[in-house]
J.: 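I'd like to ask you about the structure that follows.
Note that the structure is a prediction, hence the values are computed from the model and not measured.
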Amino acid sequence: MPWLSLLLALAALAAAFKASTPGVLALWLLLSLLLLLGWVFGLLAQRVGSRSRDESYILDPAELQRMREQAEARRLAAQNSATVGQEPPH
């Protein structure tokens with residue numbers, strides 16, 4: 001979609017060259033400038049949008065705490081099973 005804005009800006013610039021009065025020339029140049037700015041901001045919005053993360057992957061604090069507790073329980077269970085399998089020293 002931003003490319004359409006660039007094409008319209010170029011068309012407005014071409015129309016400015018064909019303008020017969022200074023007022024019309026100023027309007028076409030202003031329109032061309034606004035469309036060019038719209039094109040730049042559209043490109044920037046696409047770039048930022050493509051690099052942002054999906055919000056559905058963001059964990060809330062309660063879910064994060066639950067996952068930490070599960071990881072801690074698994075770590076303790078692994079430690080307990082490792083110490084149970086060892087023979088006592090003689």
J.: Using 0.5 Å steps for rounding, measure from the CG atom of Leu36 to the CG atom of Leu29.
T.: 12.0 Å
J.: Check side chain to side chain contact (heavy atoms under 4.5 Å, CB included) between Arg68 and all other residues, then give those that pass, not counting sequence neighbours.
T.: Leu64, Gln65
J.: Tell me which donor-acceptor pairs under 3.5 Å the side chains of residues 6-26 have, and how far apart each pair is, sequence neighbours excluded?
T.:
| residue | atom | partner | partner atom | Å |
| --- | --- | --- | --- | --- |
| Thr21 | OG1 | Val24 | N | 3.4 |

J.: Sub-3.5 Å donor-acceptor pair from the side chain of Ser81 to the main-chain atoms of Ala77, do we have one?
T.: yes
J.: Tell me who clusters with Leu30, hydrophobic residues only, linked when side chains sit under 4.5 Å apart either directly or through other members.
T.: Leu34
J.: According to a 4.5 Å side-chain heavy-atom criterion applied to Ile, Leu, Val, Met, Phe, Trp and Tyr, with indirect links allowed, do Leu43 and Phe41 form part of one hydrophobic cluster?
T.: yes
J.: Please go through Ile58's hydrophobic cluster and name the other residues, only I, L, V, M, F, W, Y counting, with side-chain heavy atoms under 4.5 Å joining them.
T.: none
J.: If the condition is side chain to side chain contact (heavy atoms under 4.5 Å, CB included), which residues does Val40 pass it with, not counting sequence neighbours?
T.: Leu44
J.: Who passes ring-ring contact (aromatic ring centres under 6.0 Å, His included) against Trp39, sequence neighbours left out?
T.: Trp3
J.: What verdict does the salt bridge (Lys or Arg N to Asp or Glu O under 4.0 Å) test give for Arg66 and Glu63, after you've listed the backbone C-alpha separation in whole Å, the side-chain angles of each residue and the deciding distance to 0.1 Å?
T.: CA-CA 5 Å; Arg66 188 182 65 78; Glu63 179 72 14; 2.6 Å; yes
J.: Could you tell me which residues satisfy salt bridge (charged side-chain N to carboxylate O under 4.0 Å, His left out) with Arg75, sequence neighbours excluded, listed by chain and number?
T.: Glu72
